[in-house]
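Down below is the structure, laid out as structure tokens.
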Amino acid sequence: MPPPETPDRRYDSSRWSPGTLSLHAAGVVLIQSSQNAVFFILAVMARKRFSATDWETVLITSAPTVLFVTGIFWNDVFRRSRLGRYLWTYWLVCGAPLLAAPFIDAYWHLLAVHLVVCVGIAGYHPAAGELLRHLYPDASRGRIFATLSAVSMLLTAAGGYVVGVILDFDADSFRWYMPLAALLQGVGVAVFWCLAHRSGLLHTRAVRDSTAASVLRRVIDPVVHMRQVLREDRVFYRYEASYMTYGVGWMICYALLPLLVTNRLGLNYEEVARSTHVAYLVVLVAALVPCGLLMDRLGAARTSAISFVALTVYPVGLAFADSAMELAVVSAIYGLAHSGTHLGWTLGPVSLAPAQDKVPQYVAIHATLVGLRGAVFQGLGVLIYRLTGSFSVPLAMAAVAFAWASWQMFGIEGMIRERTRAVIGRHSNPRASGNLTAKSPDEPD
């Protein structure tokens, strides 16, 4: 008898439905909101609950960003794995370790769990980037991503505030809310799996032969391919250079904030949550959808450049903030300024990737470079603070970095427009583009 016919699993992104968006939002909330609600207070908890020193605090704040360097290796795993297996592998590394929270009795126990989880953080982005590009058309992706981010961050703000309140009530409450976050992330992974199954992505994406390379080649090849992409795609290289400079400022502010709220302001958990995380996220949520519309109109580069200019206000505000109320105002300004950067962080690599099968690699490269700057500039910011005894000097450096990043980003807008015209020209003249087709997923990147 002939084999049964394979059902038609082709998916038309231009016909996405509200049901698809709702399911997608549920998955993002369960994975990202539960994770971020736990993470944002961790450095403050290390100082208050486990008496972490300034440098031990830097290990907590720098681990998520430094270990983004694993992004290119996660991308290699992603390209060689079925999507379902990949998603559950990601959860085992990034979510399941939180189940060990009841056994944390010292700073080093907390750090060990934290480091394992941080190895997995970059694993979210290759799958999330491919889902985003597969499910929605280019013309509306900015608005869709802004909507997803707004919903996720609103729930993150609520969850983060609750975490702050319950930690003030019970300093050991992390022993149960961290395992709860792990279980919620597992449900979120299941939702992503269902979404990929419904859209056909679970069955149609190409997978490389996982036995085609030795273990050594599996380690070396992603690094070689990353250098090759950055060397050959000058627009993407310049985009990443601008985000690298922006990251200098962001890393300095991020590393100094836990020290500022404890050493200088002496805030409790609830005050920290309300004046930093919640104030920032509420304004960011309000700004995301308008900023998504702006990005659909102006593009990722110009929107990011404008955002970088506005971000120069944030470190200056931190330098002068002298109370929880003043810090909340500064955090709100930060949320407004950061909205464009947040969207550009993901949508830039997604839109600059030359083909859909290249999206996970471009997103992974972007995430990996976060780790490189995090490895240097968080420690540098704290070192300068320790040497000078002042927050003002490193924060002034952060403001200069934001301004410089804006100048860099404005400089590549012409390159992006030129490449867009070239792509449109190739599509209108197929014979001229015969030698410019995207590589097969089985070819080297």
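Predicted, not measured: the structure shown is a model, and the values here were computed from it.
- Looking at Tyr334 and Leu311, their side chains come closer than 4.5 Å, going by heavy atoms from C-beta outward.
- Leu132 places a side-chain heavy atom less than 4.5 Å from the side chain of Leu148.
- With values rounded to the nearest 0.5 angstrom, Leu265 atom CG is found 7.0 Å from Asp322 atom CG.
- Using modelled atom types, one finds no donor on one side chain facing an acceptor on the other under 3.5 Å when comparing Thr20 with Tyr136.
- Taking 4.5 Å as the limit, every side-chain heavy atom of Val382 sits out of range of all side-chain heavy atoms of Gln378.
- Side-chain N/O atoms of Ser152 and Gln32 include no donor and acceptor closer than 3.5 Å.
- When ring centroids are compared, Phe308 and Tyr243 come within the 6.0 Å threshold.
- No side-chain heavy atom of Tyr246 sits less than 4.5 Å from a side-chain heavy atom of Ser304.
- Atoms OH and NE2, on Tyr161 and His277 in that order, are 13.5 Å from each other to the nearest 0.5 Å.
- Side-chain contact between Leu327 and Leu318 is present, with at least one heavy-atom pair separated by less than 4.5 Å.
- Here the straight-line distance linking atom CG of Leu59 with atom SG of Cys118 works out to 11.0 Å at 0.5 Å rounding.
- Within the model, atoms CD of Glu240 and OG1 of Thr245 stand 11.0 Å from one another, a figure rounded to the nearest 0.5 Å.
- Using a 4.5 Å heavy-atom cutoff, the side chains of Cys94 and Tyr124 are not in contact.
- Taking 4.5 Å as the limit, some side-chain heavy atom of Leu259 sits within range of a side-chain heavy atom of Arg47.
- In this structure the side chain of Tyr237 never reaches within 4.5 angstrom of the side chain of Val229, judged on heavy atoms.
- The aromatic rings of Trp88 and Trp91 sit perpendicular, their planes meeting at an angle over 60°, well past the 30° parallel limit.
- Between Phe50 and Phe174, the angle of the ring planes goes over 60°, which puts this pair in the perpendicular group of the 30/60° scheme.
- If you take OG on Ser307 and NE2 on His338, they are separated by 6.5 Å, rounding to the nearest 0.5 Å.
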